[in-house]
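Heads up: the structure comes next, in structure tokens.
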Amino acid sequence: MDNRFGDMETFLAVANGGSLASAAKALRLTPSAVSRSIARLEQRLGVTLMRRTTRSLALTAQGIAYRDRMSVLLADIHSVEAGLGQEQQGPRGLLRINASPSIGTMGLLPILPRFTARYPDITVDLTLSDAIVDLVEERADIAIRIGPLRDTRLRAKKLGHSRMVLVASPDYLARRGTPQTPDDLDAHDCLRFSFRRSVDSWPFRIGGKIAQRPVHGSFFGNSGEVVRQMAVAGGGIARHGRFHVAQDLAAGRLIEVLPDHNPGDGEDIHALYAPEDRAAARIRAFLDFLDEALVIET
């Protein structure tokens, strides 16, 4: 094994075993070889990982942090190596998925039980977040995102397109009145997003043209799901992709507002993954499953 990884594994053996002697026995090395390996690792890192005396050994703060990070890293390496051979027999292993709360709640969670039942050897780790994630840093295999694509290093599989709609609850409209024109929104609470990329204006079709109109309100939400629930609770008028509020519209919890002024814009929904990961059987299986099972309301 390359010295770098060998030194990492030696350090973990010492950190977990509590002594050079126990690590040497577990690794079938001499205590002096273990000591040289630790010294080489500390020299390369430029930090002291453990303090040693003739009777005791204790990790430094840097040593504890390094042990925790390397334990995860080396476990992942071993898992990948073991999984490569196993995946030749069919989709298996850990599948990490990152999705926005809206597409995760409304799109993925209802269909994931079918996927896990079909592929019992795949373990799904689902994280819901509206933050733009780096697949490598977040250790995700697939990210499902709504809106413009930003990372050109990734492959993108289009899952659908959803038209934007303005919605409010029947209770809110009964209390505050139903707007008839975009100008009427000045008298209403418009629910907005606190994303860094969000804007405080909404597009409308007015007189045959599309125009941006500033909107105002007393509430910001950090995710589409937060804003949807606020709208259902009667907190104001929200602007969402139709896929996100389709069930609420069908059940009467929300009502479309200003449909005659809808500009017809929408958002694309994509599954993003690293090009080198496309060959992994578990990733291919999930992408094919999304084609079959995910329904995007347009």
Side-chain angles (χ1 to χ4, degrees), residues 99-107 128-133 143-151 158-270 296-298:
S100 66
S102 55
I103 193 67
T105 302
M106 299 299 172
L128 300 185
S129 170
D130 268 314
I132 302 300
V133 302
I144 299 180
R145 282 293 173 262
I146 304 167
L149 299 178
R150 291 174 172 80
D151 195 336
K158 186 174 178 179
L159 303 176
H161 179 87
S162 187
R163 183 170 61 91
M164 302 297 292
V165 291
L166 256 61
V167 294
S169 72
D171 172 68
Y172 175 86
L173 296 176
R175 286 186 289 110
R176 302 287 295 271
T178 300
Q180 302 301 312
T181 71
D183 288 340
D184 294 340
L185 294 178
D186 286 339
H188 286 270
D189 279 322
C190 295
L191 307 176
R192 294 169 292 163
F193 295 101
S194 56
F195 308 148
R196 187 170 55 187
R197 65 183 184 277
S198 66
V199 294
D200 290 332
S201 64
W202 291 345
F204 293 96
R205 184 176 297 278
I206 303 173
K209 296 182 179 180
I210 307 299
Q212 292 284 335
R213 191 189 188 288
V215 293
H216 311 279
S218 57
F219 180 83
F220 288 94
N222 72 338
S223 77
E225 181 61 13
V226 168
V227 172
R228 182 194 73 83
Q229 291 193 33
M230 186 66 171
V232 171
I237 299 174
R239 189 168 191 267
H240 275 295
R242 190 174 184 87
F243 81 92
H244 195 185
V245 294
Q247 295 178 21
D248 297 315
L249 291 169
R253 292 186 293 267
L254 293 175
I255 296 173
E256 186 171 356
V257 175
L258 296 174
D260 293 339
H261 293 278
N262 190 312
D265 64 321
E267 295 181 315
D268 289 335
I269 301 172
H270 292 89
I296 304 296
E297 289 282 348
T298 59

CZ on Phe204 to CG on Leu185, rounded to 0.5 Å: 5.0 Å

Shortest non-hydrogen separation from Phe193 to Phe220 and the atoms involved: O-CD2, 3.5 Å

Between Leu254 and Ser169 the two heavy atoms that sit nearest each other are CD2-N, 3.7 Å

List the atom of Pro203, the atom of Ile210, and the distance in Å for their closest heavy-atom pair. CB-CG2, 4.2 Å

Is the backbone of Thr181 close enough, under 3.5 Å, to the side chain of Asp184 for a donor and an acceptor to pair up by distance? yes

Output yes when a side-chain donor or acceptor of His261 lies under 3.5 Å from a complementary backbone atom of Arg205, and no otherwise. yes

Of all heavy-atom pairs between Arg239 and Pro263, which one has the smallest distance, and what is that distance? NH2-CG, 4.0 Å

Would you check, one step at a time, whether the test side-chain contact (heavy atoms from CB on, under 4.5 Å) holds for Ile103 with Ile296? CA-CA 9 Å; Ile103 193 67; Ile296 304 296; 3.9 Å; yes

Tell me, do Met164 and Asn262 make a side-chain contact under 4.5 Å, heavy atoms counted? no

Heavy-atom closest pair (Leu191 atom, Trp202 atom, distance to 0.1 Å) is O-CZ2, 3.7 Å

For a quick test of reading the model, state the closest non-hydrogen atom pair linking Pro179 to Ile237 and the distance between them. CG-CD1, 4.0 Å

Give me each pair satisfying ring-ring contact (aromatic ring centres under 6.0 Å, His included) with a member in residues 165-188, each pair once, sequence neighbours excluded. Tyr172-His188

After noting the C-alpha distance and the side-chain angles of Phe219 and Asp189, does the key distance pass the side-chain contact (heavy atoms from CB on, under 4.5 Å) rule? CA-CA 8 Å; Phe219 180 83; Asp189 279 322; over 6 Å; no

Distance in Å, Ile255 CD1 paired with Asp171 CG, rounded so as to fall on 0.5 Å steps: 10.5 Å

Strictly distance-based, threshold 3.5 Å: is any side-chain N or O of Arg176 a donor or acceptor partner for the main-chain N or O of Ala187? yes

Rounded to the nearest 0.5 angstrom, the NE2-CE distance for His244 and Met106 is 4.5 Å

One should read off an interatomic distance between His161 NE2 and Asp265 CG, to the nearest 0.5 angstrom, of 7.5 Å

Measuring from Ser162:OG to His240:NE2, what's the distance to the nearest 0.5 Å? 11.0 Å

Let me confirm one number: the CG-CD distance from Leu128 to Glu225, rounded to the nearest 0.5 Å. 9.5 Å

